[in-house]
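Quick notes on the structure that follows.
Quick note: numbers below take in every heavy atom, side chains included, and nothing from hydrogens, waters or symmetry partners.
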Amino acid sequence: MKEALLWTDGRYFLQAEQQLTNRWKLMRMGEDPPVEVWIADNLSDEAVIGINPWCISVDTAQRYEHAFSKKHQTLFQLSSDLVDEIWKDRPPVNALPVFVQPVEYAGCSVTEKLKELREKLQHEKARGIIIAALDEVAWLYNIRGNDVHYSPVVHSYSIVTLHSAFFYVDKRKVSVEVQNYMTENGIDIKDYNMVQSDASLLASGQLKGSAVNGSSHGENDMNENSKVWIDSNSCCLALYSKLDQYQVLMLQSPIALPKAVKNPVELDGLRKAHIRDGAAVVQYLAWLDKQMQENYGASGYFTEAKGSQKKEHMKIKLTEVSVSDKLEGFRASKEHFKGLSFPTISSVGPNAAVIHYKPEASSCAELDADKIYLCDSGAQYLDGTTDITRTVHFGKPSEHEKSCYTAVLKGHIALDTAVFPNGTTGHAIDILARIPLWRSGLDYRHGTGHGIGSYLNVHEGPHLISFRPSARNVPLQASMTVTDEPGYYEDGSFGIRLENVLIVKEANTKFNFGDKGYLAFEHITWTPYQTKLIDTTLLTPAEIEWVNAYHSDCRKILQPYLNEQEKEWLRKATEPIAARC
């Protein structure tokens with residue numbers, strides 16, 4: 001009744017400090033006590049703590065209950081969301097259409113995916129599974145939507161049993177074409193709100209499919225297959241509460257890994273999408289370089305000179321938002337473009353130190369030739385999802401900025417060139433990207449890499465490359481995608497991040513100790529690094545060779561997508577660098 005606290009992780013510390021009013025207290029995850037510990041310590045014995053059970057996972061609820069039990073505190077499931085009751089001007093829900101993702105991009109039919117899923121259910125003696133993660137529902141049924149900005153998913157649930165499959169969705173979103181597609185694949189479409197009562201029917205073996213897919217009987221094989229599979233990290237407490245806890249099989253979703261390990265069609269699509277995307281980013285940087293010189297008197301992308309100033313008769317004013325809109329325009333001209341994959345982080349100077357900075361047109365900064373510019377952006381294409389970060393300077397960077405940029409680049413290269421045995425997790429190799437920064441007493445407060453969806457979520461698990469304990473859970477496997485994005489952020493001054501998307505591949509090693517098999521990475525992102533920001537005295541000969549080879553590949557791969565002026569800019573941007581004494 002007397003306090004308001006907000007918990008967030010290291011990516012958002014600076015942003016929260018700027019945006020929270022003094023009525024709020026910022027709680028820094030990893031530094032301050034976790035939410036459940038604070039509640040247990042600060043609320044009275046036998047206190048009741050309300051939650052919306054639709055908005056909290058089983059994992060989180062159980063962690064809270066364990067912490068609260070020490071003082072006999074109770075977690076209470078509210079029947080309505082209290083925020084909903086005071087949010088009077090909440091925008092109405094739009095019924096945006098569901099659409100089918102063709103198998104030519106998905107690479108695997110729904111029939112095949114359901115067959116594999118049911119084999120796993122049978123193996124675990126499970127009667128059925130409740131799927132709550134939106135990207136898992138979309139991937140399993142080869143459908144996409146527009147219910148979540150930047151992620152082509154549908155607000156929906158799925159229940160799959162040994163004989164039936166159900167899709168819970170607002171039926172206004174389903175066209176006749178999608179209805180026919182679902183029927184052909186043996187999937188019943190049911191109203192979104194039916195999922196809770198159907199979870200109860202599943203638990204009792206009474207959930208019935210339609211006669212169309214041959215499943216008019218109930219799932220009443222109670223003895224042989226009596227378990228209900230849920231992923232406790234994504235299934236909400238509201239659905240879990242409808243099950244008998246003794247029959248629940250709590251394991252990682254059997255869809256998580258097949259979705260993360262891309263099939264050959266998905267990999268081919270991702271490679272092609274990243275080439276088109278790289279061309280768009282190069283067009284953007286070439287355009288921005290010209291604009292900075294013409295409007296701000298900047299020395300430009302390739303040369304160093306300080307003291308640049310706005311020209312008296314500036315043609316256009318460049319802001320963080322206006323230039324990111326231009327980048328979106330370049331992407332929109334590319335084949336299969338469907339939208340952005342997240343809000344572009346277009347950030348100048350001190351704003352670049354805010355890791356997930358989001359510029360607003362009314363308050364964003366103007367570009368400045370004497371400050372670093374960081375641009376983290378991505379797009380959704382029918383054949384793949386992209387995510388790329390480049391950091392540039394259009395004036396004269398300081399020696400400190402150069403040494404920081406070079407340390408980030410060294411970590412970026414170290415991860416890209418890593419070779420490691422099968423069974424290695426992202427937790428084990430996260431250190432590779434940090435060591436060059438650690439040598440100077442520097443670091444960054446975010447993970448080094450996340451999976452990427454195939455025209456799905458730009459952040460995809462279950463694997464990741466990070467210092468966080470959860471990165472120990474899932475080993476990296478061939479055909480997974482993962483980003484390589486170390487950074488360094490100096491509050492109030494600048495931020496640096498470099499990001500490519502990698503595909504995990506089998507490594508061709510001379511030996512094979514322990515018959516484990518070894519893995520390596522293939523980078524599929526194509527945009528040059530600004531050589532003006534590189535202090536070549538800090539690079540090894542092997543790192544210089546890596547940069548030159550990468551730039552040579554960029555030039556060959558992207559040229560067909562560029563006009564003559566853009567080709568010339570790219571040729572200059574990818575000229576070989578040499579060691580400097």
Side-chain angles (χ1 to χ4, degrees), residues 11-12 14-15 18-19 148-152 273-274 276-296 298 300-301 310 314-334 337-381 385-395 452 458-459 483 485 487 489 494-501 525-530 561 566 569 573:
R11 294 170 297 173
Y12 301 101
L14 201 55
Q15 188 174 345
Q18 294 171 358
Q19 294 181 348
V148 177
H149 289 310
Y150 310 105
S151 297
H274 278 81
R276 296 192 303 274
D277 199 66
V281 177
V282 166
Q283 289 174 315
Y284 170 63
L285 290 174
W287 170 83
L288 187 55
D289 182 19
K290 187 167 184 280
Q291 296 301 316
M292 290 300 292
Q293 292 180 59
E294 290 181 356
N295 291 285
Y296 291 80
Y301 187 90
K310 295 180 205 175
M314 244 174 56
K315 294 175 189 171
I316 55 169
K317 175 184 173 183
L318 302 175
T319 69
E320 292 166 329
V321 168
S322 70
V323 296
S324 70
D325 288 346
K326 186 71 177 179
L327 172 56
E328 183 174 357
F330 283 119
R331 284 191 161 111
S333 69
K334 301 294 178 275
F337 176 81
K338 301 297 286 183
L340 301 183
S341 55
F342 58 96
T344 299
I345 301 169
S346 172
S347 50
V348 175
N351 291 339
V354 181
I355 297 169
H356 275 195
Y357 173 72
K358 185 177 184 294
E360 301 291 347
S362 59
S363 59
C364 69
E366 188 175 355
L367 264 68
D368 188 328
D370 291 325
K371 290 178 182 172
I372 269 180
Y373 173 64
L374 183 156
C375 186
D376 184 347
S377 64
Q380 295 287 3
Y381 300 92
T385 303
T386 68
D387 188 359
I388 173 175
T389 309
R390 289 295 183 266
T391 303
V392 296
H393 200 301
F394 293 103
I452 293 265
V458 72
H459 282 199
T483 59
E485 50 178 314
Y489 311 90
F494 65 87
I496 295 163
R497 185 162 63 254
L498 297 172
E499 177 183 21
N500 285 351
V501 172
T525 302
W526 302 107
T527 294
Y529 305 96
Q530 189 179 28
Y561 298 85
E566 291 159 351
W569 187 93

query = Rounded to the nearest 0.5 Å, how far does CG of L285 lie from SG of C375?
reply = 7.5 Å
ask   = Which is it for Y489 and F494 under the side chain to side chain contact (heavy atoms under 4.5 Å, CB included) test, yes or no, and what are the steps along the way?
value = CA-CA 6 Å; Y489 311 90; F494 65 87; over 6 Å; no
S341 OG to I452 CD1 distance, which is reported to the nearest 0.5 Å = 7.0 Å
task = Answer yes when D376 and R497 have at least one side-chain N-carboxylate O distance shorter than 4.0 Å, and no when they do not.
result = yes
ask   = Do the side-chain N and O atoms of T385 and Q380 include a donor-acceptor pair separated by under 3.5 angstrom?
value = yes
task = Evaluate the side-chain proximity of Y12 to I355: yes if any heavy-atom separation is below 4.5 Å, no if none is.
result = no
Closest non-hydrogen atom pair, E366 against L318 = CG-O, 3.1 Å
inquiry  = I need the Q293 CD to L288 CG distance, nearest 0.5 Å.
reply    = 10.0 Å
query = Between L498 and T389, does a side chain to side chain contact (heavy atoms under 4.5 Å, CB included) hold up when you go through it step by step?
reply = CA-CA 5 Å; L498 297 172; T389 309; 6.0 Å; no
key: OG1 on T386 to CD on E499, rounded to 0.5 Å   = 9.5 Å
query = Going by distance alone, is a donor N or O of one side chain under 3.5 Å from an acceptor N or O of the other, for R331 and S377?
reply = yes
inquiry  = Does R276 qualify as a cation-pi partner of Y561, given the criterion of NZ or CZ under 6.0 Å from the six-membered ring centre and within 45 degrees of its axis?
reply    = no
ask   = If you look at every heavy atom in A379 and D277, which pair is closest and at what distance?
value = CB-OD1, 3.7 Å
inquiry  = Measuring from atom CD1 of I496 to atom OG1 of T391, what distance do you get when rounded to the nearest 0.5 angstrom?
reply    = 6.5 Å
inquiry  = What I want to check is whether the side chains of E320 and S346 have a donor and an acceptor closer together than 3.5 Å.
reply    = no
Step-by-step side chain to side chain contact (heavy atoms under 4.5 Å, CB included) determination, T319 to L367 = CA-CA 5 Å; T319 69; L367 264 68; 5.6 Å; no
ask   = What orientation do Y381 and F337 show, parallel under 30°, tilted 30 to 60°, or perpendicular over 60°?
value = perpendicular
query = For A361 and V321, which heavy atoms make the closest approach, and how far apart are they?
reply = N-CG2, 3.7 Å
query = Can you name the nearest heavy-atom pair linking D289 to F394, along with the distance?
reply = CA-CE2, 3.7 Å
query = Would Y357 and Q15 satisfy side chain to side chain contact (heavy atoms under 4.5 Å, CB included), going step by step from the backbone distance to the final call?
reply = CA-CA 7 Å; Y357 173 72; Q15 188 174 345; 5.8 Å; no
task = Ignoring hydrogens and angles, tell me if any N or O in the side chain of S151 forms a donor-acceptor pair with the backbone of V148 under 3.5 Å.
result = no
query = Ignoring hydrogens and geometry, is there a side-chain-to-backbone donor-acceptor pair from N295 to Q291 under 3.5 Å?
reply = yes
key: Any donor-acceptor pair under 3.5 Å from T525 side chain to N500 backbone   = no
query = Is the backbone N or O of V354 less than 3.5 Å from a side-chain atom of R11, with the two atoms forming a donor-acceptor pair by type?
reply = no
ask   = Are K326 and F330 in a cation-pi contact, defined as NZ or CZ under 6.0 Å from the six-membered ring centre and within 45° of the axis?
value = yes
task = Please report the shortest heavy-atom distance between M292 and D368, naming the atom on each side.
result = CE-C, 4.0 Å
inquiry  = Quick one about Y373 and H393 (side-chain donor to acceptor, distance below 3.5 Å, no hydrogens or angles considered), yes or no?
reply    = no
request  = May I ask you to decide whether K358 forms a salt bridge with E360, counting only side-chain N to carboxylate O separations under 4.0 Å?
outcome  = yes
Heavy-atom neighbours of K334 NZ exceed 12 at 6.0 Å = yes
key: Considering all heavy atoms, the nearest V501-D387 contact   = CG2-O, 3.5 Å
